[in-house]
J.: 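Before anything else, here's the structure in question.
Note on naming: letters A, B, ... go to the chains in the order of the sequence lines (proteins, then strands), and numbering restarts at 1 for each one. Remember, it's a predicted structure, so these values are computed and weren't measured experimentally.
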Amino acid sequence: MSLQVMGKTFRHGVHPEEHKEQTEQLPIQRMPFADRFVLPLSQHLGAPCKPAVNVGQRVQRGQVVGEPGGFVSMTLHSPVTGRVAAIGPRRHPNGSLVPCIEIEADPYSTQEIATSPAVDWESLSLDDFILHVQKAGLVGMGGAAFPTHVKYKLPEGRRCQRLLINGCECEPYLTCDHRVMVEYAQAVVRGTQIVATKLGADSATIGVELNKPDAMLALDAAIPAGTNIRVASLKVKYPQGAEKMLIKALFGEEVPAGKLPLDLNIVVNNVGTMLSLADYFDHGKPLIERVLTVAGPGIDRPANLMVPVGTPVRDVMRHCGLNEETRQVVMGGPMMGQPLASLDVPVLKGTSGLLAFTDESISHAEEYACVRCGQCLEACGNFLNPSRMARLARAGRWEEMENAHVADCVECGACTYTCPSGVPIVHLIRAAKAAIRQGKAKAS
Amino acid sequence: MTKRDPHLLLQAAPFLRRGITTPGLMMDVLLGLAPLVLAAIYFFGLSAVLVLLTCTIGAVATEWALSPARPRGSSIKDGSAILTGIILGLCLPPAIPLWMAFLGGVAAIGLGKLMFGGLGQNLFNPALVGRAFLQAAFPTAITTWSQQGTITEFWGLRLSSWYVPFTHWVPDWLRILLEGVFGPQVDVISSATPLAFIKFGGEAAPFNNLLLGNTAGSLGETCALLIIICGIILAFRRTFDWRIPVSILLTVAAASGIVWLFNHDSPSPLYMLLSGGLLFGAVYMATDPVTSPIAPRGAWIFGIGVGLIVVLIRLWGGLPEGVMYAILLMNAATPLIDRIAQPRAFGRTITGEVSA
Amino acid sequence: MSGNLLWIFVSACLVNNFTLYYFLGLCPFFGVSGRLKTAFRLGLATIFVMVITSLCASFLNAFILPHARYLQLISFIVVIASTVQFVEMVIKKISPALFRALGIFLPLITTNCAILFLALTQVKQDYNVLEGLIFALGAGSGFTLALVLMAGLREEGELSSVPAVVKGTAINMILAGLLSLAFMGFAGLFAAG
Amino acid sequence: MSNHKPADPSQYYAEFVKGIWKENPVFVQVLGMCPMLAVTNSAMNGLAMGCATTFVLVCSSLLVSSLRTFIPKQVRITTYIIIIATFVTMADYILKAAVPDIHKELGAFIQLIVVNCLILGRQEAFASRNTPVRAVCDAAGMAIGFTFALLCLGATREILGSGSIFGFSLFGPNYEPWVIMILPPGGFLMLGMILLFFNWLQQRKLRRRRIAGRGVTT
């Protein structure tokens with residue numbers, strides 16, 4: 001048995017209430033197809049993809065509709081059989097207008113996937129493997145949506161010594177990764193095995209927090225004998241799912257500031273990504289749908305749903321019963337998620353949850369002066385001084401913030417969560433980062 | 001199609017809060033002070049009530065009148081002014097004229113806090129500023145310690161409490177009125193504090209008395225045992241940084257211990273720890289988060305600094321007690337400490353370079 | 001003897017701190033304490049000038065002043081002015097970077113009354129050369145200490161929302177007052193020894 | 001300041017008056033802090049210091065402005081200092097002879113007038129560029145403004161700190177003196193308070209002017 005019972009963890013961090021009981025036992029259900037789908041051409045970090053279809057053209061579910069616009073870019077597939085209704089600007093969840101492909105679903109279609117046959121990954125060279133991952137449209141499904149194949153492109157002098165699969169899901173409310181690990185343990189392990197083999201990793205570790213014992217058992221049972229994959233347990237703590245924190249927790253090593261895990265010869269992937277990767281290489285199915293958690297006090301029928309990418313949030317909410325009292329809808333987790341101004345935005349590849357909060361459940365933190373209690377310092381996994389950052393940000397002293405390593409901040413929100421004075425620390429830091437970027441852009 | 005849903009709020013992440021607030025923290029400290037207040041009332045009777053009350057009124061009134069926060073008085077509800085008043089009251093002698101106690105409260109909040117913009121902006125501990133102001137202004141009144149009354153003399157007021165402002169004199173009608181209501185008034189019988197005893201000749205008070213508070217001294221600082229218990233509870237509740245009192249006490253014990261080893265005439269470490277305002281200062285005043293370093297390493301430096309200055313002043317200085325000045329001096333050094341003792345950022349060396 | 005020297009040092013540095021007790025050198029104390037780095041450097045430069053002035057004053061006192069007492073003030077001020085000029089030249093030669101950093105503050109040391117006071121007091125107290133040297137070191141480090149503490153407080157204060165009415169010199173005065181209040185704790189330090 | 005308009009008595013008056021209030025060296029320009037704080041623990045000391053400073057400032061201004069065409073630019077500061085030092089030495093000896101008690105109390109601070117930046121500042125900024133009459137007017141105004149400030153601070157500190165003014169007891173023997181006021185921290189705090197008061201006056205004036213201005217436009 002490769003399961004460890006003692007949980008590892010990193011220093012600092014916070015323990016928000018988990019709120020996972022709402023959905024953690026609910027099996028993943030399939031969301032019915034919506035009438036219209038909106039696919040932003042840029043759902044990942046990097047260059048947007050180029051549309052490969054024309055308005056009015058019929059597309060089949062799984063068909064390529066967007067070609068990558070460079071190496072750091074992805075292929076985009078249609079999540080539905082239907083007709084391209086429009087190509088033009090639509091609202092992105094972050095509020096901006098971005099170029100999108102809008103697809104009208106064919107109500108009479110059987111929604112058969114246009115798959116290519118399973119890929120014989122074992123015979124692929126590493127470069128071809130990377131090309132395939134790009135063609136599958138795989139991005140990191142934990143939230144940041146970093147193109148997965150870019151992570152596999154190892155620079156000169158680096159190798160993937162350790163493969164780390166992130167199953168922490170430390171954000172409250174979210175249980176989609178949890179359900180994926182329980183219900184698709186085989187596929188997750190299979191995906192891990194594919195990547196570990198292709199990258200030549202010495203070992204692969206799946207890190208799971210101790211509040212998901214069933215996931216750990218399921219994964220453990222799914223690991224075939226004789227492989228170097230193991231499941232590692234972690235104490236429950238936020239932000240353990242941040243990859244640098246996870247590496248610190250599991251291996252006790254710190255990724256140098258401003259560097260990538262690859263500098264320690266580590267590649268980190270999310271469990272959801274592993275599932276999609278296995279789907280592609282075993283069944284030829286690209287990333288056209290994903291599991292997400294719909295929960296929160298404003299939802300009547302919380303659920304873990306398999307949702308086609310591009311489904312409007314409004315349809316998902318209608319499906320799960322959006323409460324009349326809902327005052328806030330959040331895409332992602334409650335600590336780092338994006339508040340939505342409108343429900344007419346699509347679910348993206350990186351969307352891990354949709355949460356609805358009612359008036360009572362929103363913490364209206366009253367703001368007091370910072371008393372330098374130091375709670376934020378004890379919360380910050382990056383060992384920054386958020387209190388000072390906030391004070392500097394208020395005074396507009398960007399240069400000193402840079403010297404205080406504002407760039408190291410991952411905006412996990414632990415400081416703001418813990419602040420007794422209700423100072424919007426992350427918000428100030430985000431604004432400061434934007435101002436610093438702007439200043440730099442102006443200078444150059 | 002892309003219209004905004006009007007009922008949706010656009011508050012930024014994170015959407016969860018821990019639910020502990022700054023007034024809550026203040027309340028915690030106030031509760032942690034409650035046993036000391038009760039002990040002060042037990043030991044010193046009605047005088048204690050009056051002194052604590054006047055200090056607090058002085059502090060709160062100043063906060064109300066001068067605070068830049070609008071609407072007027074809104075900054076009182078964070079509880080910090082009340083806390084300052086009570087802490088100041090607890091480090092005053094019971095026989096202090098009430099008008100001075102009031103003035104102390106005014107100076108504490110006015111000079112110590114509002115000048116810098118109110119809560120969280122001050123650079124010196126307000127209660128200590130008030131106390132130091134009084135000490136410098138009225139050195140005799142503030143070092144006139146009266147022996148504690150017993151419970152039977154609870155109503156026995158000290159005449160000096162009623163001095164008319166700017167004088168040390170009580171009008172006859174007031175004296176007659178007070179005697180009519182409360183019975184014969186006690187005049188101050190001054191009595192040296194244990195520390196003054198040992199400094200200016202005389203023998204040490206028994207440890208039992210120090211521990212239980214049966215000595216002369218300021219209202220809140222006499223009962224060592226109670227302070228230790230409350231301090232431990234507050235430290236476990238994480239109301240303040242435990243490193244600060246621990247490092248202060250360890251430093252004082254170590255430094256005075258070394259001196260004591262070479263010269264048995266100087267007070268023993270245990271005596272140093274239990275006498276005077278050291279425990280009270282270490283637990284309730286040095287730990288003021290606003291004026292002490294924020295990072296753990298800074299807290300250690302701060303505590304060691306306070307401890308060393310306390311020993312320096314107590315053993316070689318002209319004053320019997322140095323806790324107040326030690327904390328004020330380290331308050332002044334706090335920005336410098338904060339500068340050199342930032343936490344080591346993740347993935348960096350202690351100097352801030354990217355770790356190899 | 002050594003006890004006396006210790007007393008001279010502690011007295012000049014902490015107990016009777018030139019700035020916080022005698023109100024000396026307030027111009028640089030308020031003028032240069034805005035930035036910690038310059039404050040510290042100016043403090044060091046002042047210590048240096050003080051030490052040299054002390055030596056010169058001892059020399060003058062021993063050989064020249066007995067003949068012409070009334071020239072005391074004039075000779076001292078000339079000595080200080082030329083010392084500062086000399087220090088300025090030396091720093092410029094040795095470390096142009098430091099010279100640029102100190103800028104205008106270096107020649108301003110001339111009008112730092114702390115230095116003249118140092119020379120006058122040293123003569124008045126009849127300190128010998130060694131005592132004078134210790135006195136200068138103590139006074140200089142006391143000045144530097146006050147300056148650096150003040151600079152730290154002021155830099156921190158910049159992040160606070162000081163009310164408009166108090167801003168400027170008023171808040172600096174009050175800060176200095178509180179600092180001076182804190183330094184009162186050193187009263188009588190080592191007086192017995 | 002250094003314009004060459006024909007001499008006009010009202011101008012001399014303006015030069016004289018500006019130093020007393022509008023450009024008060026202490027409250028407005030914040031110059032000469034050291035003697036300002038060091039000797040003001042009583043009104044009498046403040047006054048004596050003020051008189052000595054007045055003497056030195058007026059005499060040096062007169063001399064400097066008379067010699068302004070002869071002093072080489074390169075050594076002007078040194079020359080000023082030597083001139084000032086001479087007058088300070090004179091003032092020192094005069095005070096020592098006339099009022100030995102006060103001289104003793106002021107100690108070295110009389111001699112420290114040499115490095116009072118107010119005096120050097122006036123030579124450099126005004127006396128060296130103006131006629132002797134104008135320079136004397138300016139110096140007298142500044143000196144009186146300085147003395148006024150010294151008196152203000154000295155009187156408040158003495159009243160609170162010893163309950164007396166110019167040595168006369170004000171409140172009788174039962175007065176509880178605020179010792180802090182004659183100690184160094186009291187000096188800083190009191191001056192801080194006075195400056196705060198001036199700030200407040202200025203802000204009130206600005207606010208009123210703004211309100212008045214708005215009244216005109218509407």
J.: At a heavy-atom distance under 4.5 Å, which candidate from C:A187, C:S161, C:P163, C:G152 has the highest pair count against chain B?
T.: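 Heavy-atom pairs under 4.5 Å are most numerous for C:S161.
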J.: Taking all atoms of both residues into account, what is the closest heavy-atom pair of B:I313 and C:G185, and its distance?
T.: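 What the structure gives for the nearest pair is CD1-O, 3.4 Å.
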J.: So with a 6.0 Å cut-off around OH of C:Y21, is the heavy-atom count from everything else above 12?
T.: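 Incorrect, the count does not exceed 12.
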J.: Let's test your reading of the structure: which of B:L123, B:L111, B:L114 forms the most heavy-atom pairs below 4.5 Å with chain C?
T.: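 Winner by heavy-atom pair count: B:L123.
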J.: Report yes if the side chains of B:Q135 and C:M184 come closer than 4.5 Å at any heavy-atom pair, otherwise no.
T.: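 No, every pair of side-chain atoms sits at 4.5 Å or beyond.
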J.: Under 4.5 Å from any heavy atom of chain C, what part of B:I327 do you find: side chain, backbone, both or neither?
T.: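 Neither the backbone nor the side chain of B:I327 comes within 4.5 Å of chain C.
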J.: Output the distance between atom CG (C:L179) and atom CG (B:L328), rounded to the nearest 0.5 Å.
T.: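 With rounding to 0.5 Å, CG (C:L179) is 9.5 Å from CG (B:L328).
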J.: Considering all heavy atoms of both residues, which atom of B:M115 and which atom of C:V166 are nearest to each other, and what is their separation?
T.: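 Heavy-atom minimum between the residues: SD-CG1, 3.7 Å.
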J.: Nearest 0.5 Å please: distance from the CD atom of C:E156 over to the CG atom of B:D338.
T.: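 Going from the CD atom of C:E156 to the CG atom of B:D338 covers 6.5 Å.
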J.: Please round to the nearest 0.5 Å and tell me the distance separating atom CG of C:L6 and atom CH2 of B:W316.
T.: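 Separation between the atoms: 10.0 Å.
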J.: C:L181 versus chain B, heavy atoms under 4.5 Å apart: side chain, backbone, both or neither?
T.: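 Contact with chain B: backbone and side chain both.
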J.: Between C:V10 and chain B, which part of the residue has a heavy atom less than 4.5 Å away: side chain, backbone, both or neither?
T.: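 For C:V10, neither part sits under 4.5 Å from chain B.
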J.: Between chain C and each of B:T334, B:V129, B:L312, B:N122, count heavy-atom pairs under 4.5 Å; write down the option with the most.
T.: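 The candidate making the most pairs under 4.5 Å is B:L312.
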J.: Which region of B:F124, side chain (C-beta onward) or backbone (N, CA, C, O), has a non-hydrogen atom less than 4.5 Å from a non-hydrogen atom of chain C, or is it both or neither?
T.: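 Contact with chain C: side chain only.
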J.: Measure across B:G317 and C:L189 and return the closest heavy-atom pair with its distance rounded to 0.1 Å.
T.: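 Of all heavy-atom pairs spanning B:G317 and C:L189, the closest is CA-CD1, 3.5 Å.
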J.: Please rank C:L149, C:L159, C:L153 by heavy-atom pairs under 4.5 Å with chain B and give me the top one.
T.: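 Top option by heavy-atom pairs under 4.5 Å: C:L153.
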